[in-house]
Each structure stands twice: as C-alpha cells, then as structure tokens.
Amino acid sequence: MIMNTRRLVPILILALGPAFLFRGYFTGRVQGEPVLCFCGGAREVGGSCLLVECGKERFIVDCGDLGAAGKGIIPPDPSSLSFALVTHAHLDHCGLLPELYGAGFRGIVYCTEPTAELIPIMLGMRIGMSREKSASASLDSVAGGLVPVPYGETVDIGSISFRFGRAEHLLGAAFVEIWFDNDTKLIVSGDLGSGNSMLLPPLESPERADYVVMESTYGGITREGRPGGLHYRFAESVGEALSRGGDVLVPAFTLGRTQEVLAALQSYSRAGVIPQGVEIFVDSPTARKINGVFRNFREELSSWARGFYGADVLWSGGLREVRSRTALKQHSRTHNPTVFISSSGDLEHANSPKHFMRMYGDTVNLLCVVGWQRDGSLCDRLLDGEDPVLVRYKSAGGFREEWICPALEVQRFDSFSAHADQNGLLGWLNGIGGVRDVFLVHGELDQARALARAIGDRMHVCVRIPEPGEWIVLRRAPDAGLAYVRDEAGEYGGGVSAGDGCSGAASMKEEEIYTGR
C-alpha cells in the first residue's frame, strides 16, 4: 500500500514535536550558522520583518505595518533582540517600531540619515490617525533609539557587519549588505526604485553576495517605455486641463509621491508644457514636514535636482504649502486654474475626497491617479468608470456618504511608481556576483511566482518563495548542487523540500523552488 507522504506531515509533527519542524533552525544554532525567519512580508505586500540570528547576535530587518499585513509579525521575546535595521521610512517597513519598543525591545535602530528624520514624522502621522495611547507613549523611545548611518559606511557589531546602499525607492531608502563571520554574505533589498525618480540618485548594485532577500512587488509586470520623456504624458494632460480653465486634483501619498509630483509639475512648468506661475497647493501638514527633510538633505538628491533647484529644493513661485482649510477655501473663491496635491493617494482619507467633492461636477477639471490602488478604493472605482459612485468622507460631526455622477476627466499615470518592475529587479539582481539563493518577499504570490520563473529562466540561481514564519539556515557550502524541479503542469516549483537541494540554504518546510532550466 502506497501512502501519500503529505498526509504524514501532521502526524510526524505531533509525534516528533517542534524540534522536527524547526530542525534547520536548531541545526543553525548548534553550528553557529546564520538563520533567517520570515516573520512578515512573506507572500504579501507590507508588514516586512526579517529575523536574523547568528552566534550571539539576534536582530531584525524592518518592522512594518500595512493594514492586515504586519499583524503578529514581531518576533517572540523582543527584549532579546540586539538591534534593528530599517531600510526606509514607509510605514510598511517601520510602522510597528512603537509596538516593538512597547513589547520590550530596548536596542538601537540603525537606518540612513534621511530615514532617521523621516521615521518620527511618519510614525507621528500613523499614531495621530489611530490615536493609540500606548503607541504614542513608545514614539519617544523610537526617536531616541534611532542611530543614523551614512550610505556606504560599514558598522561592526559582534559577529556581523552591515552597510547601507542606495535603493532609489525613496529619500533615505536602502538595501542592506550583511556579512557574517562564517564568510557568508546576505543582501536584503528593502524596496528597490523604478528608475523613474527625478529627485533621487540611481539605484546602486552591490558587487557580490551568497544570498539575497528581494522584494517582488511588481515582479510580474513589465512597464512600457515613456515616449516624450519622463512624466511627459502627465504634464501634457495637466497643461491641457489648466489651459481650458479647469482645476487639477492629484491625490498623492505624503512621502515620496507628493515630492515627485511637485518636481514634475515644476520642471514642466519651466519648460512651458504646464502654464508658468500656476498655483500648486500642497495641503498636507505631514507632506510639508517631509518637504523640509528633502531640503535638509539636498546633498542626497540627484544631480538633476540639485542643478534645477539650486538651494531652494521643491520651491517655485506658485507653490503654496498651506493648512488644509486654506486649500479647501480656494474652491469657493474666484481663482485661476489651480493644482491641488492632497493626501491620501486613494481618495479615501484626509482632504483628497473633500477636494474631489468640490470638483467632480465640472467637465473641465482633471483627476490624476498617480499611485497604486487597492481594489474598491474610490480612485479604483472611478478608473473602472463606476457611475454613479458612492463617496464616503469625513465631515463635521462624522462621516458622510453621497452618491454622485462624476463629470470630471479621470486619468491614470503609472510613471510615478517607485517600485522596480520585473526588468528592473532582474537587472539589479544580475549585477550581483556569486548569488546562490534568492528569497522573494514583499509581493503577492502571483507576482513572486512570475519573478521566480523569470529569474530561473535567465540566471543560474535557486529562487525560493518562503512561507510566513519559515526558518532558513544559510549554510556556507559554496558548491552545493542546484535542484531542477517541475510539477506536472510544467511550472517551476511546488511542494519540494528545500533541504534536498538549492545551494547551501536549508529549510524544513515544503516550499516553492525555481531554478534555471
């Protein structure tokens, strides 16, 4: 009688206990080899958190929050963590730092210099929206624990060393290179830029690594070229709307997107594509603070930005960084055509829905969607042509709901994406020599699978898509053979024990493995 071995797994776990499930973890601890646990960001976007253990050092890379993602990702016994590394200041990578301190962590949080200024701003915004007193009490602990490290500077802590490299995704964003004392090197990508930034220097590529933990947010997407130049279609559409007497609304997330939109507007205004002197209202108090950080770190901006702005980064004659109430009053006044950049990026929160409700009825107005949209957001429904559409927004005394028939023009612009597409991710990875294993995180499963297949087809490396909570031992053996795996459908991966093969990493869970043909 032949038994299905998969049915035996629960029986074996019960019979042999946790030591069986985490045999790779205990083996790594005994041998002193580095061990990874994918606490958050595995097979989902957001909630990034990677636990790393080697010798006496136990630390995490990122501690993020993003709705349901990020819940329960903080490792057990946070007080035993030596330190934390944070790749950048988006909340899906740093949002749970207050909870980490609240759970007993007392170590240092290392990050780049711009990130050390941005994190308190972003956490303050998050806590202000949630009004969580416990998190607010921990915000001072986070701010006091931040230690900025310049790009390219190596820090030695016990048995490990690390340094940050430029990731181009965001001001201060970094990938982190980690060296262990067993001559093994790990790179954690954080979020990698798309090459579309006007404000930031290009993405750097490290020389070599044994293992790479890499994001896969848009691992299955290849973007088209940009005829006419970066953001030209956006500028042309804005210019046309303003010239016909309309106002333009750009709902944008406060960190990164608002600043890139400003740069595009100001650049194309100087070039004459957008009417010169147009008033641009930025009505987010958080965005105003972030603009200040960009000005403080002028030396971290691109050569184009430094040359274009000189000493006055993100300033132009028509810029109005105002309180929200002032920007909203502009609609009721007689005014020249105006651009409003307002949070949030999906028209669901803050003031962007209030601006929308003052603009939706006029065909000369334009709504520019410049960011990713979750299914069902107001921007998503408008892009789908829903009419009438239900709008829910905060007003005096609570929330209001109204069914409306939008008449304004709605356009989407993908050129502002701050995440690398498949080609960008492959290009960055291909520039790293010596890679034996790649672990794909921070992506929905379909995006991770598409990227894994592309890597397997083009590069002689093993690719894994870890499960949440999975432990991996980073073994030193440089000459371990690659496993070539297919399932019955001819697709790479599926239901193969990683202990059977890809390079030196070992896991006790069944996982998807993708390799070259």
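Hydrogens, waters and symmetry mates are skipped; everything else that's a heavy atom, side chains included, is used. Numbers for residues simply follow the sequence, beginning at 1.
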So Arg163 and Glu153, salt bridge (charged side-chain N to carboxylate O under 4.0 Å, His left out) or not? Walk me through it. CA-CA 6 Å; Arg163 73 180 175 198; Glu153 182 176 297; over 6 Å; no
Are the side chain of Glu113 and the backbone N or O of Pro148 linked by a donor-acceptor pair below 3.5 Å? no
I'd like to know if the side chain of Gln259 and the backbone of Gly256 have a donor-acceptor N/O pair within less than 3.5 Å. yes
Angle class for the His419/Tyr218 ring planes (parallel below 30°, perpendicular above 60°, tilted otherwise)? perpendicular
Without swapping roles, check the side chain of Asp346 against the backbone of Cys379 for a donor-acceptor pair under 3.5 Å. no
Electrostatic pair Arg464-Asp437, nearest N-O below 4.0 angstrom: yes
Tell me, do Thr217 and Trp372 make a side-chain contact under 4.5 Å, heavy atoms counted? no
How far apart are the closest heavy atoms of Ser415 and Leu230, and which atoms are they? O-CD1, 4.3 Å
Please tell me if the side chains of Phe180 and Val52 come closer than 4.5 Å, counting only heavy atoms from C-beta onward. yes
Is Ser189 reaching over with its side chain to a backbone N or O of Asp191, donor-acceptor style, under 3.5 angstrom? no
Arg58/Ser82 under side chain to side chain donor-acceptor pair (under 3.5 Å): CA gap, chis, key distance, verdict: CA-CA 6 Å; Arg58 184 173 188 259; Ser82 310; over 6 Å; no
Within a strict 4.5 Å, meaning less than it, do heavy atoms of the Leu425 and Leu192 side chains meet? yes
Taking Arg43 for the side chain and Ile465 for the main chain, is one N or O donor matched with an acceptor at less than 3.5 Å? yes
Can you tell me if Ser352 uses its side chain to pair, donor with acceptor, with the backbone of Ser344 under 3.5 Å? yes
With heavy-atom distances below 4.5 Å as the criterion, would you say the side chains of Val438 and Cys462 are in contact? no
Aromatic ring centroids of Tyr110 and Phe164 under 6.0 Å? no
Taking Ser216 for its side chain and Val441 for its backbone only, find out whether a donor-acceptor pair lies under 3.5 Å. yes
Chi angles and distances behind the side-chain contact (heavy atoms from CB on, under 4.5 Å) call for Leu91, Leu123: CA-CA 8 Å; Leu91 291 175; Leu123 293 180; 4.1 Å; yes
Does a side-chain N-to-carboxylate-O contact under 4.0 Å join Lys185 and Asp210? no
Side chain to side chain donor-acceptor pair (under 3.5 Å) involving Thr115 - partner list, sequence neighbours excluded: Thr112
Do the rings of His93 and His442 sit parallel, tilted or perpendicular, given the 30° and 60° boundaries? parallel
If you apply the rule side-chain contact (heavy atoms from CB on, under 4.5 Å), what do you find for Ile60 with Leu85, and how did you get there? CA-CA 6 Å; Ile60 58 173; Leu85 306 176; over 6 Å; no
So, for His231 and Phe416, is the gap between ring centers shorter than 6.0 Å? yes
Quick one: do Asp380 and Arg374 make a salt bridge, cutoff under 4.0 Å? no
Strictly by modelled atom types, are Ser377 and Gln373 linked by a side-chain donor-acceptor pair under 3.5 Å? yes
Heavy-atom closest pair, residues Val370 and Ala252: CG2-CB, 4.5 Å
Taking the side chain as every heavy atom from C-beta outward, state whether Pro251 and Cys368 have any pair of such atoms under 4.5 Å apart. no
Among Phe162, Trp428, Tyr151, which residue meets the ring-ring contact (aromatic ring centres under 6.0 Å, His included) test with Phe175? Trp428
Close side-chain approach of Leu50 and Asp62, heavy atoms under 4.5 Å: no
On the 0 to 90° scale, with breaks at 30° and 60°, tag the Phe439-Tyr211 ring pair as parallel, tilted or perpendicular. parallel
Please examine the side chains of Leu347 and Leu367, heavy atoms only from C-beta on, and report whether any two atoms are closer than 4.5 Å. yes
Is there a side-chain contact between Leu96 and Glu99, using heavy atoms and a 4.5 Å cut-off? yes
Between Arg381 (side chain) and Leu390 (backbone), is there a donor-acceptor pair under 3.5 Å? yes
Whether Gln422 side chain and Ala454 backbone form a donor-acceptor pair below 3.5 Å: no
May I ask you to say whether Glu300 pairs ionically with Arg166, meaning some side-chain N is under 4.0 Å from a carboxylate O? yes
Is the side chain of Ser48 donor-acceptor paired with the backbone N or O of Gly64 at a distance under 3.5 Å, no angle test? no
